[in-house]
Amino acid sequence: MAVQETARETLLSLGDRLLRIQGATLQAPLRDALRSLRRGTDAEALADAWGRKEATALLTELDALGWLTSEPRDALGEFAGETYQRQLDYLGLFTPDTAAAQRRLLSARVGILGLGGLGGIVAQHLVAAGICTFRLVDHDTVARHNLNRQFTYGPSDVGSPKADTLARYLRTMRPDVDVTTHRRRITDVAGLEAVFGPRRSLDLLIIAADSPPGLPDTVARWASGTGTPFTMGAVGVGVGFWGPLVDPAHGGCWTCFERDRRAALTARERLIEDHSADPAPFSFGPSNTAVAAMLAHDMIQFLCGERCPTVGRRAALDFARQRITHTTESTCTCQTI
């Protein structure tokens, strides 16, 4: 929550929410109370400083409006000095208990298939947010033409396996990170079981590889058997997308999503898609970074509380028009989980 003060009013802002307090009630004690809440305090300390009746009335009103978060007294001290300390208030956009959300991020286990212009940048955001356990999969090595968009690699890394190189980067960010790397190309369920096992071992799997074309179908079959949530992202010519987040344990179904998405296409769009299996022959750093950042934002939100804007639907960013659209959230009707 941000607090902005003028001579006539105090504004509280959280995301796209705004609360304006003005008029005769806005006296110095109320301003001081709001500042204390912004820094972090509790009901007893507020009552001692301002008066129990006034403090109780303020807290009751703010709580009814959804402006209070509940955290342990030592939460700020627990996370002090960490790379993610400044994001705690932002997590209030996802859940009122930001300390619990941060702890969920710290304990999250994330797998990433494909460590290029999306996967590597997503990993940057996730490790900076506090995620400490990664399973990285990519068969490729770093090439010089990757460096316009794959910012976890540098000129000295050319020729090195991407998985091992990204692992080194993550360890420079967090020396205590738990990273397992696999240099292989995933083409079937057996490959996924060889890397991640036949039972659930991840809290989230991110598909950031652009081949083989049927990889999402393969992941969906493995995920339905293990109950592993998964999502994906890709960047094409003039447009990029992220999602859907498919959570088999909560009724998510890739088959039904694809059925609904394909049904919404025109005959010409389906024909173009069916003959466009190859990855785009060119890439642009800013577009890759934009999609990777939005994908990471959604996945951090999901890991904080199991919901995010792309659960069951896909977001698409039109770069030329700077417009984001979403598909309709799909509903599973095939009874397959």
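We number each residue from 1, following the sequence as shown. What's counted below: heavy atoms across the whole structure, side chains too, no hydrogens, waters or symmetry copies.
In summary, the aromatic rings of F196 and W222 are positioned with their centroids under 6.0 Å apart. Aromatic ring centres of Y90 and H297 lie closer together than 6.0 Å.
Counted by atom type alone, Q102 and Q87 present one or more donor-acceptor pairs between their side chains at under 3.5 Å. Looking only at atom types and distance, the side chain of R259 has a donor-acceptor partner in the side chain of T333 under 3.5 Å away. Donor-acceptor pairing under 3.5 Å is recorded for the side chains of R135 and T180. For the residue pair R149 and S287, no side-chain donor N or O sits within less than 3.5 Å of a side-chain acceptor on the partner.
Connection of L136 to V127 is established within a shared hydrophobic cluster, with ILVMFWY side chains joined at heavy-atom distances below 4.5 Å, either directly or through further cluster members.
Side-chain contact check for V246 versus F257: every heavy-atom pair is 4.5 Å or farther apart. R221 has its side chain within reach of T218: a pair of non-hydrogen atoms, C-beta onward, lies under 4.5 Å apart. By the 4.5 Å heavy-atom criterion applied to side chains, D298 and W242 are counted as neighbours. Counting heavy atoms from C-beta outward, F302 and T310 have side chains that stay 4.5 Å or more apart. Here the side chains of L46 and R52 are not in contact, with every heavy-atom distance at 4.5 Å or above. Side-chain contact between L113 and D138: absent, with no pair of heavy atoms (C-beta onward) separated by less than 4.5 Å. Proximity of T152 to Q124: side-chain heavy atoms (C-beta onward) are separated by under 4.5 Å at one or more points. In this structure, the side chains of L170 and R174 stay at 4.5 Å or more apart for every pair of heavy atoms.
Residues V235 and L118 share a closest heavy-atom pair of CG2-CD2, 4.0 Å.
Screening I206, I121, L245 against L295 for a side-chain contact (heavy atoms from CB on, under 4.5 Å) leaves a single residue, I206.
Atom CG of D203 and atom OG of S107 lie 6.5 Å apart (nearest 0.5 Å).
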Residues R314, E329; criterion salt bridge (Lys or Arg N to Asp or Glu O under 4.0 Å); working and verdict: CA-CA 8 Å; R314 173 167 290 170; E329 185 171 350; over 6 Å; no
Side chain to side chain donor-acceptor pair (under 3.5 Å) between T181 and D164, intermediate numbers included: CA-CA 6 Å; T181 62; D164 294 338; 3.0 Å; yes
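Judged purely by atom type and a 3.5 angstrom limit, R323 has no side-chain atom pairing as donor or acceptor with the backbone of F319.
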